[in-house]
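Let me begin by presenting the structure, written as structure tokens, before commenting on it.
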Amino acid sequence: MSAPDGLASYGDEQQERVGFFTDTSVCIGCKACEVACKDWNAIPEDGTTWTGESYDNTSALGANTWRHVAFVEQAEPLRSRLEAPPDEAPAPGREDRGAPSATRPNGDSGTPLRWLMESDVCKHCTHAACLDVCPTGALFRTEFGTVVVQQDVCNGCGYCVPACPFGVLDRRHLAPAPDLPAFAKEDGRVWKCTLCYDRLKGGHEPACAKACPTQSIQFGPLDELREQADARLAKLETEGWEGAQLYGRDPDDGVGGFGAFFLLLDEPEVYGLPPDPVVTTRDLPRMWTNMAVAAGALLVGVAAAFSGRRS
Amino acid sequence: MPGLGTSFGRGGATTFQQDLQNADCIVIMGSNMAENHPVGFQWVMEARERGAKVIHVDPRFTRTSAMATKHVGIRAGSDIAFLGGIVHHILEHDLYFREYVQHYTNAPVIIDERFVDTEDADGLFSGWDPEAGRYDIESWRYEGMEVHGAAGQRGEGFEPRGEQSGHGAAGGGLRHGEPPAEDPELEHPRCVFQILKRHYRRYTPELVADTCGCSVEDFLEVCETLAANSGRERTSAFCYAVGWTQHTTGVQTIRTAAIVQQLLGNIGRPGGGIMALRGHASIQGSTDIPTLYNILPGYLPMPHTLSYPRLESYIAANTAPTGWWGKFESYWVSLMKAYFGEHATAENDWLFDELPRIDSDNSAYFTVRQMLEGNVRGYIIAGENPAVGHANGKAHRLGLAKLEWLVVRDLVEIETAAFWYDGPEVESGELKTEEIATEVFFLPAAAHTEKDGSFTNTQRLLQWHSQAVEPKEDCRSELWFYFHLGRLIKQKLAGSEEERDTLIKALRWEYPTRSAIEEPDAEAVLQEISGREISTGRFLSGYPELEDDGSTSCGCWIYSGCFADGINQTARRKPHWEQASYVAPEWAWAWPANRRLIYNRASADPDGNPWSERKRYVWWDADEGKWTGHDVPDFKEDKAPDYVPPEGAKAEDAIAGDHPFVMQADGRAWLYVAQGLEDGPLPTHYEPQESPFANPLYRQRANPRRQQNEGLAEDPYNPVADEPGAEVYPYVVTTYRLTEHHTAGGMTRSVPYLAELQPEMFCEVHPDLAREAGLEHGGWATIYTSRSAIEARVLVTERIRPLQMKDGRTVHQVGLPYHWGGRGLVTGDSANDLAHMALDPNVHIQEVKAFTCGIRPGRRPRGAELPRFVAELREQAGEAK
Amino acid sequence: MVGLSKLLDSWPALRQLREGDPLGLGKAVQSPRSRSLVPRIDEAERVVPSVCPYCAVGCGQLVYVQDGDVTHIEGDPASPISRGRLCPKGQASKSYVQSPLREYRVKYRRPYATEWEDLPLDDAMEMIAERIVTTRAETWRKRTRGGAPANRTMAIGNLGGATLDNEENYLIKKLMTALGVVQVENQARI
Amino acid sequence: MNENGFRSYYGRPILKEPVWTWEIPTYFFTGGLAGASAVLSSAARVAGNEKLARTALYVGAAADLVSPALLVSDLGRPERFHHMFRVIKVTSPMNLGSWVLLVNGGASTTAALLELAGRLRPVRIAASVVSTLSGPPLATYTGVLIADTAVPVWHEGRHELPWIFGASAAASAGAAASMFVDPREAGPARRLAVAGVLAEGALMAAMERRLGKIGEVYRQGEAGKLSRAAKGLATAGAAVLATRGRKSRRAAVVGGALVCAGELCLRWAVFKAGVQSARDPRYVVESQRRRIERNGTKATTVSGPPRSRARPRL
């Protein structure tokens, strides 16, 4: 797999690259991750609007939400496998009854029902657009291979905001932090998941993974997580889960693989994720060349303007 | 919980959460475990990942259903029909665990010939007294046995019931623990097994489908999955919570599950049992060491006005000749010594004559009625928010306004403390601040981080939490408040000659205090609870050491030993990875005697061998001559499996070696409860107080013994079934909690991080109902009953299905979380304002899980318009009547 | 001059080259603050074992204390029940004990008053004790109307317990029983 | 979840809209003006057109002074503007752009000041050379800056954007200069303006063709209004310059102003188009789904049978 940009610079200070594997097939949608994250990172509460979008009143990742649990209600079966009846012999009292219940999807008879829940987070991309485009070096690759915004450096230029293909980063428009100069009307800096950089430095796992009651959020060395994920996908396959897929596991994807990847039960866009994210800076060399030519053309063009006869 | 208490002997969960991972099938019913016990739910997920079936039976498709391998939607309040159907299926198709049932339950016992079943009396058991509205239980007894409650008291019409019957002390006339008449082959027409068969004969899959609104296929799938995953090699567990208890038939619902689990042989075995999921940190503890009117610590009954004229009769009435309740007197005398020390002596009957007496019901809702009728002057509320959390909040708030003085202790100013200036009745003008005479004291309380103490969690586990920081300013623990209150009162009455002050003067009330605020030492209190030998001050190792001669003192006999060897056993925190097995017995301390899975002698067959290798837990080690295994054996350690009690054996000695339920007089689990329940020896399907349906089985529609507030203007009931006017309140409503909030919200609406996750009161309705009632997703709805009307945002969802009932009738259900009130960071109307105060007769719990309502689009009327609106609908329904 | 060269040394643009981070994506741009970051749980003076105050699962908690204040609460991995995990409520415990709405002073409302007023805690305790003694004296019932023994007052009630400690419930029941207050109830009923 | 074919999470955006406020699109204009003016000035000087050279120099210097002010005021933390120069990042168009602006701004203003003072000729010449060389990058890098984002219409337009911005810069520089110079001296400026307008028109058309469906944002909402205004104003202005502007000073002023206004609108149109395309998940999903159809994806790993086979048999 391609190494995360910038990680090499740490030499022997470099640590094993760590990340998250978020397995939505065991997510109970309790939002412990959201609270654990806010609690540890002292993120401000940001608005009490009821959305009516299932049980999701957080809506999206942003400057004040670094973990977001999505809720999707669908008329789909959760599993589709034909399960063998409880025991081989025809069940007592069942002889004369219709189709064996084993062919039923979960949810009560009639239309199937499933409720997908997914805890979203910054992907800590191997090739991170936000990291590349940051003009100040506020965003940087840590010794753990994660991507972090340094709040003592960020000047709120906002370039990383549209650069992120997942819409993770945003500028904080809330009341100024205590360390702000008097004139500042708002915090103005950009915030996102740090994968609990400080906790990692202390040898603790990130707050969300620590809290997760069902280990839907798993933290660890990325290589191990990828192996676990492959095994998990295989298991779900044998159990006949609908639409199970790993998202961001593959190092060859548009961003070189996620540092925080997912097991989804439906297409990414259903959870509000881009189906084929790419790091736009991968086109940057070509863009620079293109620009150079354009700049040259401008030079020539201006000169040409004088080539005409003098009036 | 008498549902469990009468069936097995102890009113607590039979197992522990971690053991759920060993289940082959878990039925979650009357509980939304994933949402309300998320961290405990990890053990259900462990089981699921090991291939266990997880079945969720619930009116709504919840976050629990989403994790289940099977969800079955049923009509709220139809649980007994569903479970009774399972019993029927098991018996019809001989799917029961015969050897277990024969030896470990009272299935073989022959019942008095005068007993008449509901099947033969149209929904009433024999002994029903229409005037008194209660049962005379004499005809329910075992044949050849007098009902317990010795001579001289029958006439006084009181037997231990409800929580006090947690011990099911019905042993009168048992000869060395054995019932007089039995049929081991279970064929005698009057043996419990055959009675059971007849009782549930009509609970066919079709009846279940018609009554519960589920499909026959789904119902049968549940039956078969359960049966296929029970027996020698496999075990199934039940998890329930207030979805079962908060009904006028709550106790009997749990009883039905107890019957299913007995028939399938799932009690006392790993991966089996009935997991009662309590809602509060110490709700189990608050019944073990009760802040309840009708029991003293350890489920000892409070003396009753109508019975026990003398100490002897009180002791006699509550002492079972056989089983561990045979030592009742030791437990009680030791408690009196803990309460009154040297002042309680054999000569003065341990002050029995001075003790206060209760009537049949002095429960919270009784008190509310008393308040409304002006009979209560003072009320102290500590860590509870009845204005939001209790059924019919309006009645509560009106009651509070009639008090002379009120003390509220909490961390934040909850609705109950603010009722006099900031409540719905003030807004509507029904209450005027200037006219409310109530004097209100709000005292800020200390949080769990600011005090030492122990919680008893849902699996009977006492866990100690240590003080981390000092409480700020006026914040104080309840321990501080009640200790210093008692101290002040004792000071005031020290010189009193009044007879009424005898007890308060005799009260032992010396506890060491520390720190500047003189906080009492919680460990000193725990030591008193655990008990000592008075002469030496030695800490007791457990309740077998208790004596009835006043030589021991113990504040709660079932907790005896929690401070054994002078060590705070509840504070033990040996990491689970350093312990031998997943049972982790060195983490904190569980009652009784640190047993984690109780009745565990039943995990071995009658000869003492494990039923199977796969389900090995506790077994008889013949060489060692004692019981051994992963847990503390819930059995006399050296009592051999073939032990037969000698003639005239008493108490525990009278329990045979193959009878695991050592609290019961006959050592067995009770399929049939001869004594201890108000509303029948067997669970029967009754409709809720309010439902749109008649009882499909009997003319007796609802639980005949349920408690209603006849003639209480503040607690009117909706017309039901086919009564005229019922169409005004056509829908079934059920209330519940969300992961993001806690009960009445006092502990969560005040927390920014939680408030933002579920910021507004909403109602869940199906698209069909939305269409029918003209509700718009995201808009507002007004939900009304004859008590009140509230407003909520509309969440239209497929997750709350309309159900197809008998003859094609469709029933719609409305889902209402009940976390909101008028105060806090996020506010909203309280669902409980809609609920009535009809109660379960055994435990006086209200029926908020199933009642009826009407719903219409738009916000509710404001101010004085609101009561008018509610009254108009009531009249409309009344006129129709 | 020294200052200037120091400044230059710390200039990330130069460190990019010096520290082998030409693209300026890693170590070169790491700020001193980021470099010396320490998690606050490692700075705590005390770690106190506790239990979650919300539901009855009984999750283990670790309470981190610094300068007499709770700085963090998280799950105790040693607990065989919770294995270090917490739900959103348990995870919000610190925000709960430090809630912006939390009250720290006694509030008193006189009969018919429209406002709260302040009251010293000791006075409040004295007044409450007085209320109990008087109410009890005035409403004491030795016997029921039917003549059965009663030894009680029906004019005082006590509610609460499910959220309290066993020791607290023990004192409540003990005191109320001695006072002849029988209307003692808690959420277990509810 | 299934609105006519494309799926989303309650229709919520996948991307975050740019947080940039009015200063940024305005800077795109002033920066372009500054860069192109620097070139125009030097070219004029070489061609011996001193008047035009001086005017363009002053215009460029002025624009160079406005630009940083705009950028700083858009920052969330303006007092930290200098952090832009903490690093030199080739992967960050904004970082390089800041350096270029610093160099070009410094050079142009120095040159302008010395011009005014009429002293230190060699230094002035050196400064002019520097600003001439840094001018074209300054005029075009902003095209790369926005193209290097996840915003569909910007990234998909990456081939044309630098050219469009370059052309627009040329047009505005020419137009601005021709406003302040006697029409008889301003010929090259006018030609530059007209050529710029024509070129940018062609390039915009090319880009919209390449963008295909997502290009529709240039015809919708504010972006639509602005791009129509841009076209109209610029064309009108160019026409005036090309005709009466050659004789009449007043016409030149009007024409020049129209073109400049048009170019400002153009930058705003591009900016708004980006915001609009980020707001609607449809553009993200559909453009990426198309990409997946073209060359597959590695973002998701699915094993086992396709969904169709996995459907339950009821």
Side-chain angles (χ1 to χ4, degrees), chain B residues 37-40 278 280-281 283 285-287 289 291 305 356-358 362 364 367 377-384 405 412 433 437 439-440 442 444 447-449 453-454 457-458 463 465-466 468 473-474 478-479 482 486 488-489 492 500 503-504 507 522 525 575-576 584 587 750-751 753-754, chain C residues 48 50-51 53-54 56-59 63 65 78 80 82 85 87 92 95-97 99 101-107 109 111 114 121 129 131 133 135 140 144 148 150-152 155-172 175 178 180 182-186 188-189:
Chain B
H37 303 88
V39 181
R278 315 294 188 190
H280 295 68
I283 205 147
S286 62
T287 43
I289 296 183
T291 35
T305 48
R357 291 352 194 212
I358 58 164
N362 299 111
T367 306
R377 295 202 199 167
Y379 206 35
I380 305 173
I381 301 177
E384 195 158 335
W405 53 273
V412 300
T433 302
E439 180 184 33
V440 186
F442 177 85
H448 72 298
T449 51
S454 65
N457 83 340
T458 198
Q463 300 189 102
H465 60 85
S466 305
E473 305 188 45
D474 291 351
E478 310 312 308
L479 203 65
Y482 284 97
L488 291 168
I489 293 172
K492 290 179 184 297
R500 64 168 179 268
L503 280 191
I504 196 73
L507 187 66
V525 180
H576 58 88
W587 180 270
S750 54
V751 179
Y753 291 157
L754 295 172
Chain C
V48 181
S50 190
V51 179
Y54 285 96
V57 167
C59 300
V63 181
V65 182
S82 58
R85 309 167 193 180
C87 77
S95 317
Y96 162 62
V97 300
S99 163
L101 298 187
R102 190 157 175 197
E103 301 285 348
Y104 294 94
R105 287 265 171 231
V106 174
K107 289 172 148 189
R109 187 250 178 183
T114 56
L121 178 58
R131 301 289 181 280
V133 169
T135 309
W140 185 261
T144 62
N151 299 331
R152 68 186 183 192
I156 303 175
N158 188 95
L159 182 70
T163 58
L164 310 184
D165 297 338
N166 291 318
E167 297 71 20
E168 296 174 327
N169 284 321
Y170 179 78
L171 288 199
I172 293 175
L175 177 62
V182 292
Q183 295 173 100
V184 177
E185 282 284 278
N186 79 58
R189 199 71 81 191

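Chain letters run A, B, ... following the sequence lines, proteins first, then strands; residues in each count from 1. No experiment lies behind these values; they were computed from the predicted model shown.
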Of all of [options], which one pairs up most often with chain C through heavy atoms under 4.5 Å apart?
| options | result |
| --- | --- |
| B/Ala447, B/Ala281, B/Gly378, B/Gly486 | B/Ala281 |
| B/Leu503, B/Val440, B/Thr291 | B/Thr291 |
| B/Gly40, B/Ala584, B/Gly285, B/Ser466 | B/Ser466 |

In terms of heavy-atom pairs under 4.5 Å with chain B, which of [options] leads?
| options | value |
| --- | --- |
| C/Ala129, C/Cys59, C/Ala78 | C/Ala78 |
| C/Thr135, C/Thr114, C/Ile156, C/Leu175 | C/Leu175 |
| C/Arg85, C/Arg109, C/Lys107 | C/Arg109 |
| C/Gly58, C/Gly161, C/Ala155, C/Ser99 | C/Ala155 |
| C/Asn169, C/Asn166, C/Ile172, C/Val184 | C/Asn166 |
| C/Pro111, C/Gly180, C/Pro80 | C/Pro80 |

Validation row: [X], [Y] side chains within 4.5 angstrom (heavy atoms):
| X | Y | answer |
| --- | --- | --- |
| B/His465 | C/Asp165 | yes |
| B/His280 | C/Asn186 | no |
| C/Asn158 | B/Tyr482 | yes |

Just by modelled atom types, is the B/Ser454 backbone N or O under 3.5 Å from a matching donor or acceptor in the C/Glu167 side chain?
yes
Between [X] and chain B, with a heavy-atom cut-off of 4.5 Å, which part of the residue counts as in contact: side chain, backbone, both or neither?
| X | value |
| --- | --- |
| C/Val63 | side chain |
| C/Val48 | side chain |
| C/Val133 | side chain |

Smallest separation among heavy atoms of [X] and [Y], with atom names:
| X | Y | result |
| --- | --- | --- |
| B/Val525 | C/Tyr170 | CG1-CD2, 3.7 Å |
| B/Asn457 | C/Val57 | ND2-O, 2.8 Å |
| C/Thr163 | B/Gly383 | OG1-O, 3.2 Å |
| B/Thr367 | C/Gln183 | OG1-OE1, 3.0 Å |
| C/Val182 | B/Pro356 | CG1-CB, 3.7 Å |
| B/Tyr753 | C/Ser95 | CD1-OG, 3.5 Å |

Using non-hydrogen atoms only, which part of B/Ile504 is less than 4.5 Å away from chain C: side chain, backbone, both, or neither?
both
Under 4.5 Å from a heavy atom of chain C, the part of B/Leu507 involved:
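Side chain only.
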From [X] [atom1] over to [Y] [atom2], what is the distance, rounded to the nearest 0.5 angstrom?
| X | Y | atom1 | atom2 | value |
| --- | --- | --- | --- | --- |
| B/Ile358 | C/Asn151 | CD1 | CG | 13.0 Å |
| B/Leu479 | C/Glu168 | CG | CD | 5.5 Å |
| B/Ile380 | C/Arg131 | CD1 | CZ | 12.0 Å |

My understanding is that only residues two or more places apart in sequence, or in another chain, count here; which of them pass ring pair (Phe, Tyr, Trp, His ring centres under 6.0 Å) with B/His448?
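Residues passing ring pair (Phe, Tyr, Trp, His ring centres under 6.0 Å) with B/His448: none at all.
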Between B/Thr305 and C/Arg152, is a side chain to side chain contact (heavy atoms under 4.5 Å, CB included) present by the stated rule, with each step listed?
CA-CA 11 Å; B/Thr305 48; C/Arg152 68 186 183 192; 3.7 Å; yes
List for me each residue that meets side chain to side chain contact (heavy atoms under 4.5 Å, CB included) alongside C/Ala56, sequence neighbours excluded, and say none if there are none.
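Here the qualifying residues are B/Arg278, B/Thr458.
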